[in-house]
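Everything numeric here is computed off the predicted structure, so don't read it as measured data. So that the names make sense, note that chain A is the first sequence line, chain B the second, and so on, each numbered from 1. Heavy atoms only: backbone and side chains are in, while hydrogens, waters and symmetry mates are out.
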2 protein chains.
Amino acid sequence: MRTYKILSDGRRQIGGFYLPGDIFGVEFTDDHAFSAEAITDTKIVVVKRSALIALAGRDATIAHELFALTGRELRRMRERMLLLVKSAQERVAGFLLEMAERAGVGNIVELPMSRQDIADYLGLTIETVSRTFTGLETAAAIAVPASRRIVLRNRSALRHLNG
Amino acid sequence: MRTYKILSDGRRQIGGFYLPGDIFGVEFTDDHAFSAEAITDTKIVVVKRSALIALAGRDATIAHELFALTGRELRRMRERMLLLVKSAQERVAGFLLEMAERAGVGNIVELPMSRQDIADYLGLTIETVSRTFTGLETAAAIAVPASRRIVLRNRSALRHLNG
DNA sequence: CGAACTTTTGAAAGAGCTCAATAGAAGTGG
DNA sequence: CCACTTCTATTGAGCTCTTTCAAAAGTTCG
């Protein structure tokens with residue numbers, strides 16, 4: 001899944017990507033800032049906010065879980081914020097490391113999203129993302145056997161780029 | 001107050017500015033990503049996380065407040081994220097509107113922070129921030145009678161710039 | 001007034017964007 | 001299986017915006 005928002009100038013900002021098992025859209029206020037879209041076949045479990053809050057009110061364990069969940073979400077956002085003030089190379093490196101951690105098998109990451117999605121996620125253009133991938137490949141930090149399959153060849157180099 | 005983090009390359013990223021009455025640092029996880037600093041004389045009330053969570057476990061009203069609080073924090077972060085992918089002019093315009101809303105008296109905003117703080121908050125350099133202020137003044141969107149006193153002369157122009 | 005600090009301004013360099021073309025992948029129908 | 005179309009990704013060249021480095025102007029405080 002991806003959450004996104006269309007800005008007034010037509011650009012699209014992606015709020016985040018969600019993988020199997022992830023929880024998203026936990027909101028306690030009424031403004032729904034982002035829309036959500038499936039990018040692959042997806043099963044979704046929907047929970048009513050009022051039901052969740054009511055449940056948390058009765059069950060301290062649920063409440064605790066909920067706090068932990070929003071805590072993680074906040075941390076993710078903060079990391080994201082830090083990523084967005086960096087250079088294109090740092091953003092792409094950070095993105096790959098994030099995806100490797102969340103969805104990687106060994107050193108191989110299958111990206112479920114397009115270059116355009118990545119660009120809108122990182123606040124870059126699709127051309128810059130593509131060029132940066134090529135650059136990282138040239139620098140032997142990654143390999144790109146297929147456009148959506150990335151092999152991390154040198155994580156410490158990526159981590160170094162990530163700032 | 002400002003919260004901040006020093007990146008590995010020495011740059012400083014400011015997490016946020018907090019004004020009188022604001023609550024900050026509500027964390028449910030153990031990683032303290034940001035440090036905090038007072039930039040003017042400040043009185044701070046400190047609440048232990050464990051105490052707060054325990055209280056929320058007993059008092060549903062407190063729990064509800066806490067959810068609302070983190071919800072606002074999340075929304076603030078999302079807006080921030082949107083700001084960080086925009087142009088310098090959009091970032092500065094957005095910053096001024098935010099500050100006007102939070103601390104403005106009529107059309108006058110007294111900025112408690114330095115240009116460097118603003119730059120580190122917006123992910124720009126101090127020179128770019130300064131130039132952008134000058135540009136907005138030339139465009140009659142704001143006036144700058146003193147370097148830390150901003151008069152909003154044309155909010156709709158700022159809002160338009162804000163995207 | 002003089003020293004230290006903050007802010008503004010200038011000129012050149014660099015990073016990323018835009019526009020445009022090419023290349024590659026995936027699906028369709030003969 | 002191959003031509004054809006469509007969609008996605010890569011590459012190239014020029015331009016724009018932001019940064020960098022440097023200097024000047026304004027502020028604050030002893």
Side-chain angles (χ1 to χ4, degrees), chain A residues 2 7 9-14 37 39-41 83-96 109-139 142-151 161-163, chain B residues 2 7 9-14 37 39-41 83-96 109-139 142-151 161-163:
Chain A
R2 63 177 173 229
L7 305 182
D9 63 357
R11 272 177 312 179
R12 180 186 65 162
Q13 174 62 27
I14 287 194
E37 261 175 0
I39 48 183
T40 58
D41 284 355
L83 206 63
L84 287 177
V85 300
K86 297 179 184 173
S87 72
Q89 218 179 35
E90 290 169 314
R91 294 188 214 187
V92 171
F95 169 75
L96 288 176
V109 188
E110 299 283 344
L111 300 176
M113 71 292 280
S114 70
R115 292 287 188 276
Q116 186 65 61
D117 286 339
I118 299 172
D120 291 346
Y121 180 68
L122 297 176
L124 299 168
T125 60
I126 182 173
E127 294 95 333
T128 300
V129 171
S130 182
R131 273 187 252 271
T132 306
F133 272 81
T134 305
L136 291 174
E137 196 170 20
T138 305
I142 63 172
V144 189
S147 75
R148 295 193 179 189
R149 169 173 299 157
I150 311 292
V151 181
L161 285 175
N162 187 27
Chain B
R2 63 177 174 227
L7 304 182
D9 62 356
R11 274 177 313 177
R12 181 186 65 163
Q13 174 62 28
I14 288 195
E37 264 175 359
I39 47 183
T40 58
D41 284 355
L83 206 62
L84 287 178
V85 300
K86 296 180 185 172
S87 73
Q89 217 178 36
E90 291 171 313
R91 294 188 214 186
V92 171
F95 169 74
L96 288 176
V109 188
E110 300 283 345
L111 300 175
M113 72 292 282
S114 71
R115 292 286 187 276
Q116 186 65 60
D117 287 337
I118 299 173
D120 292 346
Y121 179 68
L122 296 176
L124 298 169
T125 60
I126 183 173
E127 295 95 331
T128 300
V129 171
S130 182
R131 274 187 250 271
T132 306
F133 272 82
T134 306
L136 291 174
E137 195 169 21
T138 306
I142 63 173
V144 188
S147 77
R148 296 192 180 191
R149 170 173 298 158
I150 311 291
V151 182
L161 285 176
N162 187 28

Categorize A/Ser147 for me: base, sugar-phosphate, or nothing, with a 4.0 angstrom heavy-atom threshold over every strand shown.
sugar-phosphate
Which part of the nucleic acid does A/Arg91 contact within heavy-atom distance under 4.0 Å: base, sugar-phosphate only, or nothing?
nothing
Interatomic distance, A/Gln116 CD vs D/dA9 P [rounded to whole Å]
9 Å
Between C1' of D/dT8 and CZ of A/Arg149, the distance in whole Å:
17 Å
Nearest heavy atoms of A/Val144 and A/Glu137, plus distance in Å
N-OE2, 3.1 Å
Could you state the atom-to-atom distance from CD1 of A/Ile118 to P of D/dA9 in whole Å?
8 Å
Kindly indicate, with the supporting measurements, whether the criterion side-chain contact (heavy atoms from CB on, under 4.5 Å) is fulfilled by A/Phe95 and A/Leu111.
CA-CA 11 Å; A/Phe95 169 75; A/Leu111 300 176; 4.2 Å; yes
Mind calculating the distance between CZ (B/Phe133) and C1' (C/dT8) to the nearest angstrom?
12 Å
Closest non-hydrogen contact found for B/Leu136 with B/Gln89 is CD2-CG, 4.2 Å
Could you walk me through whether B/Phe133 and B/Arg115 pass the side-chain contact (heavy atoms from CB on, under 4.5 Å) test, one step at a time?
CA-CA 10 Å; B/Phe133 272 82; B/Arg115 292 286 187 276; 4.3 Å; yes
Send over the distance from A/Leu122 CG to C/dC17 C1', rounded to a whole Å.
15 Å
Would you say D/dG12 has OP1 or OP2 under 4.0 Å from some side-chain N or O of A/Arg131?
no
On a plain distance test, is the side chain of A/Glu127 in donor-acceptor contact with the base of C/dC19 below 3.5 Å?
yes
Mind calculating the distance between CD (A/Gln89) and C1' (C/dG16) to the nearest angstrom?
13 Å
So what does A/Gly135 hit on the nucleic acid, given a heavy-atom distance under 4.0 Å: a base, only sugar-phosphate, or nothing?
nothing
When rounded to whole Å, the CG to P distance for the pair B/Leu124 and C/dA15 reads 17 Å
What nucleic acid atoms does A/Ser114 come within less than 4.0 Å of, heavy atoms only: base, sugar-phosphate, or nothing?
sugar-phosphate
Between C/dT8, D/dT18, C/dT9, which one does the side chain of B/Ile126 approach most closely?
C/dT8
Atom-pair distance (CZ on B/Arg115; P on C/dT9), nearest Å
10 Å
Can a side chain N or O of B/Thr128 be found less than 4.0 Å away from OP1 or OP2 on D/dT19?
yes
Test log, rule side-chain contact (heavy atoms from CB on, under 4.5 Å), inputs A/Arg12 and A/Asp117
CA-CA 9 Å; A/Arg12 180 186 65 162; A/Asp117 286 339; 2.7 Å; yes
Closer to the 5' end of DNA chain C via nearest nucleotide, is it A/Thr125 or B/Ser130?
B/Ser130
